Amino acid sequence: MTFTLSAFQNEYLPAGAAEVHAVITVTAGADQAATATADKAVALIVDTSGSMSSPGSKIRAARRATATAVGLIPDGTWFAVIAGSHRAWCVYPPALPGQWPQLARADARTRSDAVQVAHQLPATGGTAISTWLELARAMFERHPGAIRLAYLLTDGKNESEPHSNLEAALARSAGVFQCDARGVGVDWNVSELRLITSTLLGEVELIAEPDQMDDDFKDFLERAIGKSVADVRLRLWAPQRSRLRFLRQVAPTIEDLTARVTAVNALTGDFPTGAWAPGESRDYHVCIEVPPGDVADEKLAARVNLVVDGQPTSQALVRAIWTDDMALSTRINAHVAHYTGQEELANAIQQGLEARKQGDEATATVRLGRAVQLAHSSGNEGTVRLLQKVVDVDDPATGTVRLRRSVETLDEMALDTRSTRTVRVTAKPAGPDEGEP
Amino acid sequence: MTASTAAAGAEATCPACSEPLLPGDRYCESCGHDLLADPAVVRVTCAHCGEQTEVVDGYCSHCGMKQPSPRDHLERSWTAVGAVTDKGRAHHRNEDAMAVVVEAARVIALVCDGTSTSVDSDVASQAAADAAVAVLAASDSDDPAGADLAAAFEAARQAVTAMPFVRRPELDPPTTTYLAGVITNDEAVLSTLGDCRSYWVDENGARQLTADDSWATKAVASGEVATIEEAMAHPDGHAITRWISVDADPTWQPRTVRFDVPGAGRMVLCSDGLWNYTLDPDTLATEIAKAADPDPAIVARHLVEFANQAGGHDNITVVVVDLPLRSDAGEQGEDATDREKGASAA
């Protein structure tokens with residue numbers, strides 16, 4: 001699989017300016033056949049605490065969805081089903097006496113056995129998510145070259161253990177496997193699951209009704225099967241005396257990678273991006289502060305390489321050129337402007353919801369109004385619809401809104417969960433890209 | 001690997017044979033390896049931070065600064081012709097290009113100025129100059145009127161419009177101006193689109209031979225502004241009204257000027273990096289007189305230095321042709337590096 005990198009920026013800066021912004025688009029080629037696909041390992045981690053039985057439709061839906069998903073696992077895929085409560089139990093495959101459980105290799109027999117076990121998932125006990133992650137990690141660690149993906153479903157908060165346990169488990173799991181998280185109903189904590197997915201390069205979603213589980217499990221499995229490269233990193237070189245302000249994934253969702261750096265040498269660091277599927281495309285917003293240059297100076301502000309399974313491949317260059325030509329330095333790059341807006345949108349939603357929770361209606365109105373304005377102007381219709389359940393919109397163009405008196409908790413959580421989902425830069429007007437007459 | 005690299009004190013070894021290279025080398029003295037064409041990584045002393053470092057993609061691997069490029073400053077010299085192009089002081093690269101062919105009885109010169117608000121304008125200007133000079137040099141006739149100026153322009157237009165580039169919404173596609181001159185002892189034919197200029201300079205002073213396709217020229221002609229100085233001070237003062245690019249009107253043709261050479265004198269072809277500072281043609285004549293040198297290359301270099309001292313706000317290209325052409329007109333002068341050494345020794 002080949003990757004292409006493109007940098008979008010206005011490299012022209014006025015004299016004395018030090019901050020360089022660029023959007024890097026990374027696109028995986030669709031040529032899956034050209035590369036031997038890595039082994040795949042999948043863990044389904046299902047909350048089996050007591051709350052899953054109130055109402056019982058939750059655990060019944062989870063049993064059904066797990067069984068359906070297991071039945072779809074392709075031959076040769078490594079897999080496990082983990083039941084999570086205040087402790088973790090690998091329900092499939094069962095551990096041999098006196099041994100840690102190990103992932104099973106999917107075939108007709110293991111799938112059929114796992115489906116039987118899925119229909120018997122329990123619903124008792126508390127919630128200690130660190131134990132679930134630790135068990136998954138131990139099993140995944142035996143498959144270092146594989147694409148390792150987990151799907152974690154819960155309906156509650158991590159209340160049977162101190163928060164530090166979760167943080168410690170996440171720190172140990174980062175780089176071993178990726179994890180998507182799903183919250184069912186309204187009794188889970190958005191920021192808790194977001195912490196898991198941020199650290200483990202996954203995505204968090206809300207499942208409003210138990211009967212939506214089936215489709216969501218299937219979607220996860222399809223995405224997991226689609227991945228074909230296990231370990232892709234962004235390698236960023238920046239010159240001496242420069243400082244990386246931030247490196248964020250900005251599409252399809254906003255994820256700050258700045259602190260996730262592994263130093264390669266004094267000027268170079270690697271940032272994890274996880275596994276990729278053919279044809280997948282993501283955008284990254286990088287901001288570097290460099291020593292200000294004089295007019296006519298040109299500096300390389302960053303070289304971004306893609307490192308695929310340890311091998312550096314395609315690159316993109318981020319430049320800084322200092323000029324006294326205002327016609328050049330005042331030009332706005334559409335990609336950078338767009339994602340700067342999407343990042344502000346996510347912040348505005350999260351700050352607005354937090355202010356609302358604190359009873360600060362003035363701040364909530366201003367921030368959520370700004371969110372409506374940004375979502376509207378960037379064509380982020382999904383987010384506009386979710387905002388409309390929390391505020392009444394008088395004028396989306398100016399962001400004039402009124403807080404709704406009664407808001408469903410579910411709607412508020414849906415908005416919070418989806419706040420980091422971005423839209424990409426609107427396509428240019430129709431027409432040939434090059435060589436027009 | 002030019003005179004400006006030498007000034008920066010860069011040291012390097014040949015990537016093919018590892019023999020040390022001298023500043024200013026274009027080819028390896030030991031094995032003849034083409035250094036300008038070699039993209040290989042060469043460990044050099046960075047011209048900016050002084051570190052022994054690798055230069056990758058033209059940038060220092062330590063401080064990130066762009067390393068001097070051959071295009072930053074080029075000099076070419078013949079007995080009858082001196083040609084200098086320089087990036088000036090305010091631009092990060094030289095987007096001007098020149099191409100010169102000197103024969104016993106005629107001189108062909110191209111000056112093209114890539115516009116700074118376009119993508120890869122340095123590539124566009126060089127492509128235009130190289131394509132046009134090839135057509136003009138292929139003409140058998142020593143009579144300038146016999147040269148196919150229309151075909152030369154079309155070749156330049158094709159070269160620029162066919163070049164691959166990545167379109168960027170905030171910049172124009174590759175764009176350049178165009179000035180071609182075919183010059184003999186009796187007659188010069190000049191062909192121009194955009195705002196590169198040609199002057200005739202003799203004991204009577206200097207006069208501009210070609211008009212610009214520019215907002216300023218139009219504004220003065222229509223009476224919108226009173227003087228060219230006033231026009232140049234206007235925000236649109238430097239805007240050109242015709243150019244070569246994929247977005248240009250394909251029917252735009254260069255204006256052609258035939259000039260009967262009145263006797264002994266100098267033809268000067270230049271980009272606006274020079275004439276921005278010689279709005280009064282007398283200034284040009286005065287500066288040429290100040291150079292006080294029979295060598296056209298010294299005159300060309302002096303004019304570039306003059307423009308740089310005046311601000312060097314744009315790339316500067318100057319081609320000086322001494323007329324009448326002497327029988328040894330086409331003999332090569334010393335190369336730029338030797339001249340540098342001679343100049344610093346003097």
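Lettering of chains follows the sequences in order, A, B, ..., and the numbering in each one begins at 1. The structure displayed is predicted, hence computed values, not measured ones.
The two atoms that bring A:Ala296 and B:Arg89 nearest to each other are CB-O, 3.3 Å, heavy atoms only. Closest approach of B:Glu170 and A:Gln9 over heavy atoms only: OE2-O, 3.0 Å. For B:Met65 against A:Asp297, the heavy-atom pair with the smallest separation is CE-CG, 3.5 Å. Closest non-hydrogen pair, A:Gln315 versus B:Asp57, comes out as NE2-OD2, 3.0 Å. The nearest pair of heavy atoms linking B:Gly64 to A:Pro239 is N-CB, 3.9 Å. Summarising the geometry of B:Ser116 relative to A:Asp325, their closest heavy-atom pair is OG-OD2, 4.0 Å, with the distance given to 0.1 Å.
The distance from the NZ atom of A:Lys299 to the NE2 atom of B:His48 is 8.5 Å, given to the nearest 0.5 Å.
Side-chain atoms of A:Leu328 and B:Leu171, non-hydrogen and from C-beta on, do get closer than 4.5 Å to each other.
Atom CD1 of A:Ile332 is surrounded by 12 or fewer heavy atoms from other residues, nucleotides or ligands within 6.0 Å.
Inspection of the B:Tyr59 and A:Arg303 side chains reveals no N or O donor paired with an N or O acceptor under 3.5 Å. In the model, A:Asp324 has a side-chain atom that pairs as donor or acceptor with a side-chain atom of B:His313 under 3.5 Å.
Contact annotation for B:Cys49: neither backbone nor side-chain heavy atoms come within less than 4.5 Å of a heavy atom of chain A. With a 4.5 angstrom heavy-atom cutoff, B:His91 touches chain A only via backbone atoms. Only the side chain of A:Tyr12 comes within contact range of chain B, with at least one heavy atom under 4.5 Å from a heavy atom of that chain. For a residue to count as touching a neighbouring chain, one of its non-hydrogen atoms must lie under 4.5 Å from one of that chain's; by this rule A:Arg241 does not touch chain B.
The backbone N or O of B:His92 sits nowhere less than 3.5 Å from a side-chain atom of A:Trp322 that would complete a donor-acceptor pair.
Taking chain A as the reference chain and counting heavy-atom pairs below 4.5 Å, the highest number among B:Pro235, B:Cys63, B:Cys60 is found for B:Cys63.
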